[in-house]
Structures are given as C-alpha cells and as structure tokens.
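Reading through the structure tokens given below for one structure.
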Amino acid sequence: MRVLITGGSGFIGSHLTEALLERGDEVLILDDLSTGSVENIRHLKHVPRLHYWIDSLMNRALLAELVDESDLVVHLAAAVGVRLIVESPVRTIETNITGTEVVLEAARKKKKKVFIASTSEVYGKSTDFPFREEGDLVLGATNKGRWSYAASKALDEFLALAYWKERKLPVVIGRFFNTIGPRQTGQYGMVVPNFVQQALEDQPITVFGSGKQSRCFCYVGDTVAAMLKLLDAPAAVGQVFNIGSTEEISIENLASLIRAKLNSSSPIRYIPYDQAYEDGFEDMPRRVPSTAKIEHCTGWRPTTSLDTTIDLIAQYFRQKQKTLAYGSTTEQYSTNQQLESTDAAA
Ligand code: UDP
C-alpha cells in the first residue's frame with residue numbers, strides 16, 4: 001500500500017513512517033518542516049520505499065499529485081504544543097483549519113480514505129470522566145488563546161465528518177491524548193521531554209501551577225499501533241476514536257518519578273501559570289480517555305507503561321547528547337531495530 005503522510009517528519013509521523021515501512025508499505029511524506037525535522041527520518045533515508053517532499057500543503061498541485069499516487073492519506077500536519085498555540089495563535093488557527101480543508105478536498109477528488117489527527121484538547125474543561133467520544137466538548141472563552149487549538153481541531157472533525165456524510169469520503173478521526181516518546185521535542189512546551197531534559201542536566205524541573213493537574217501519557221508506539229488498526233478497520237470509517245493511555249499521573253508525581261528514575265539531583269520548582277504561559281491561562285485539571293470504543297472496534301489497548309516509556313525517552317536524550325558532544329552522525333536513534341534487516345531482506 002502507498003500511504004501519504006502529511007507531517008510525516010514530525011514526532012508521531014516519523015514513528016508511523018517507520019511502522020508502515022516495516023510492514024512493507026510505501027510511504028510518501030509531505031512536510032514543511034515547521035515543527036517536524038529531517039533528523040526524525042534521517043535514519044530511514046536509505047529505504048527505497050520512502051519518498052519525501054519538503055513543501056507546504058498549500059502547494060495544492062503537489063498535494064493533488066501525491067494524493068493521486070497514494071491509496072490512503074494520513075493527515076498529521078498541524079500546529080502542536082500549548083506554548084506554540086499561545087504564542088502563535090494565527091498560525092495555529094490557519095494551519096489547522098486550512099490544512100485540513102485542502103487535504104479533505106484533495107482526497108475527495110480522488111476518493112482516497114483519510115485519517116485526521118485530532119486531539120484530547122477538544123474535550124476542553126469537561127468533567128465527565130473518562131472522556132467518551134460522544135461526550136460534550138466544553139471550551140473556554142475566545143479571548144483565551146489556548147482554546148483556539150481545541151476549536152480549530154473540533155472544526156476539523158466537523159468538516160471531516162461532513163465530508164463523510166455528505167460526500168461519502170471515507171474518513172477516520174483519532175483524538176490523541178498526550179502522546180510521548182523518543183524524538184518528541186520539548187521546544188513547544190510538552191511536559192515529558194522538558195522534564196527528562198531538565199533531570200538529565202540537573203536543572204530545576206519546572207512544574208506549572210499546583211502540579212495537582214493530571215494526564216495520561218501514551219507511548220507513541222502504542223499510538224501508532226492504534227492508528228494502523230483503525231486504518232485497517234472498515235467499521236472505523238466515519239467515526240471518532242480516543243487514542244490514549246488510561247494510566248493517570250499528576251504532574252508533580254511525574255516530576256518526582258522522572259527525577260528518581262534518572263537519579264537526578266534536580267530541584268522541583270513550581271511556576272505559576274501566568275509566568276509559564278500568559279495572564280489568565282486556563283489549564284485542564286484532569287484528562288482521562290475512555291478507550292472502550294477503540295478497543296471494541298479494533299481490539300487495541302496500550303501496552304507500554306509510563307515507566308518503560310520514560311526509560312526510552314531518557315535513552316534517546318542521552319544518545320542525542322552523546323551525538324552532539326562527539327559529533328557522530330552514525331548513531332541515529334531508531335525505535336525500529338528491525339527496519340534495516342527487513343528492508344535488506346526485501
Ligand atoms: N507542564 C509543566 N511543566 C512544563 C510543561 C508543562 O508543569 O515544563 C504542565 C502543563 O501545564 C500541563 C501538563 O504539564 O498541565 C501537560 O502539558 P503539555 O503541554 O505536555 O500537554 P497538555 O496536556 O497541556 O496539552
């Protein structure tokens with residue numbers, strides 16, 4: 001199968017690329033490198049079944065050609081990370097809404113199935129735990145920048161479902177819950193890569209707010225497995241699915257866990273939200289998915305513990321530090337040790 005991945009050199013996209021190549025698929029990546037990085041896919045460059053274009057989704061002629069050449073489109077290209085959203089709201093809104101619009105339209109013309117990446121942010125301030133796909137979305141006021149991300153992704157979902165209902169375009173929507181793993185950068189504010197880097201450097205671990213807020217962190221390998229199952233499930237078409245772990249942890253406990261696991265002497269520093277983000281910033285006190293729907297449809301369940309995932313992330317950052325220190329380019333991190341042998345054997 002030939003799969004077009006928009007945002008394929010991003011964090012989740014690069015792991016999905018690996019998994020698809022491993023199972024023998026051909027992958028076409030379209031990425032403008034706004035938040036993705038060539039480093040994420042450098043170790044795959046030798047695989048002949050991988051092709052990539054560094055360009056924008058707004059290059060509609062190229063997008064149309066790539067969609068035409070593919071059997072399936074996975075749309076991951078989006079503005080991500082709370083910090084980026086708060087700092088660059090225009091970019092967030094435009095990228096998320098216009099990007100999805102052009103992908104859906106291009107896919108409709110060629111009648112290609114599309115996976116749309118959404119987010120647990122759409123549940124907003126809902127307190128109806130665990131969050132179910134059919135539950136209400138409770139968003140904050142429009143003068144609070146954070147909610148533009150949730151609103152833009154909710155609109156993406158509406159549009160995708162409308163394409164399915166009105167124009168029979170097969171779509172599948174995944175709501176990702178705090179996905180973590182190697183190659184995720186802390187640059188856009190994500191908590192786990194930030195804490196791990198701070199702990200490795202014995203720098204203060206920065207807990208925002210009280211630290212009592214909680215999240216469920218899902219290993220990217222599990223997230224990718226969920227996507228593959230959803231793409232293969234005919235019953236998933238026209239549906240929305242949560243993709244996440246149900247292992248819940250408070251942010252202050254996460255800080256202590258990472259500190260202990262990495263044998264770090266970092267102090268834990270509490271920083272008020274208005275200093276961390278902006279005045280009036282609203283955080284979600286809790287976010288827990290129900291995974292009943294995806295389990296019922298595909299049999300998928302996350303299998304990697306937070307403990308193991310933190311080890312993998314720490315290993316990734318240690319290796320990266322070593323590479324930077326010694327200038328070696330041969331030691332590229334890959335979660336997919338089998339890829340080279342699989343490809344050599346093919
Ligand atoms: N957070 C933190 N310290 C950091 C980065 C984030 O305490 O250096 C908190 C953040 O305020 C939120 C949680 O960690 O409560 C998860 O943040 P992230 O941006 O990773 O994902 P979110 O769930 O907010 O989308």
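Here, residue 1 is the first one in the sequence, and each next residue gets the next number.
- Salt bridge annotation for Arg183-Glu18: present, with a cationic side-chain nitrogen under 4.0 angstrom from a carboxylate oxygen.
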Step-by-step side-chain contact (heavy atoms from CB on, under 4.5 Å) determination, Phe129 to Thr127: CA-CA 6 Å; Phe129 300 109; Thr127 51; 4.1 Å; yes

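- For Arg259 (side chain) and Ser266 (main-chain N/O), a donor-acceptor pair under 3.5 Å exists by modelled atom type.
- Electrostatic pairing of Glu278 and Arg146 does not count as a salt bridge here, judged by no charged N lying under 4.0 Å from a carboxylate O.
- The main-chain N or O of Asn242 is found under 3.5 Å from a side-chain atom of Glu133 such that the two form a donor-acceptor pair.
- In summary, Asp311 and Lys261 engage in a salt bridge, as defined by a charged side-chain N under 4.0 Å from a carboxylate O.
- Of all the heavy atoms in Pro130 and Ser290, the pair that sits closest is CB-N, 3.7 Å.
- Without hydrogens or angle criteria, Gln213 side chain to Gly211 main chain gives a donor-acceptor distance under 3.5 Å.
- The backbone N or O of Leu76 lies less than 3.5 Å from a partner atom in the side chain of Thr6, making a donor-acceptor pair.
- Here the two rings, on Phe281 and Phe208, have centers that are 6.0 Å apart or farther.
- Between the side chain of Arg175 and the backbone N or O of Val240 there is no donor-acceptor pair closer than 3.5 Å.
- Of all the heavy atoms in Val80 and Ile85, the pair that sits closest is C-CD1, 4.4 Å.
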Trace of the side-chain contact (heavy atoms from CB on, under 4.5 Å) decision for Phe115 with Leu72: CA-CA 8 Å; Phe115 179 96; Leu72 178 70; over 6 Å; no

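- Side chain of Asp31 to backbone of Gly36: no donor-acceptor contact under 3.5 angstrom is found.
- Environment of NZ in Lys293: crowded, with over 12 heavy atoms of neighbouring residues, nucleotides or ligands closer than 6.0 Å.
- Of the possible polar contacts, none joining the Glu157 side chain to the Ile173 backbone as a donor-acceptor pair under 3.5 Å is found.
- Salt-bridge annotation for Glu121 and Lys153: absent, with no side-chain N of the basic residue lying under 4.0 Å from a carboxylate O of the acidic one.
- Checked by atom type and distance alone, the side chain of Ser152 pairs as donor or acceptor with a backbone atom of Tyr149 at under 3.5 Å.
- Judged purely by atom type and a 3.5 angstrom limit, Asp71 uses its side chain to pair as donor or acceptor with the backbone of Arg2.
- Here the side chains of Met227 and Leu20 are not in contact, with every heavy-atom distance at 4.5 Å or above.
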Evaluation steps, side-chain contact (heavy atoms from CB on, under 4.5 Å), between Val191 and Phe217: CA-CA 10 Å; Val191 67; Phe217 295 96; 3.6 Å; yes

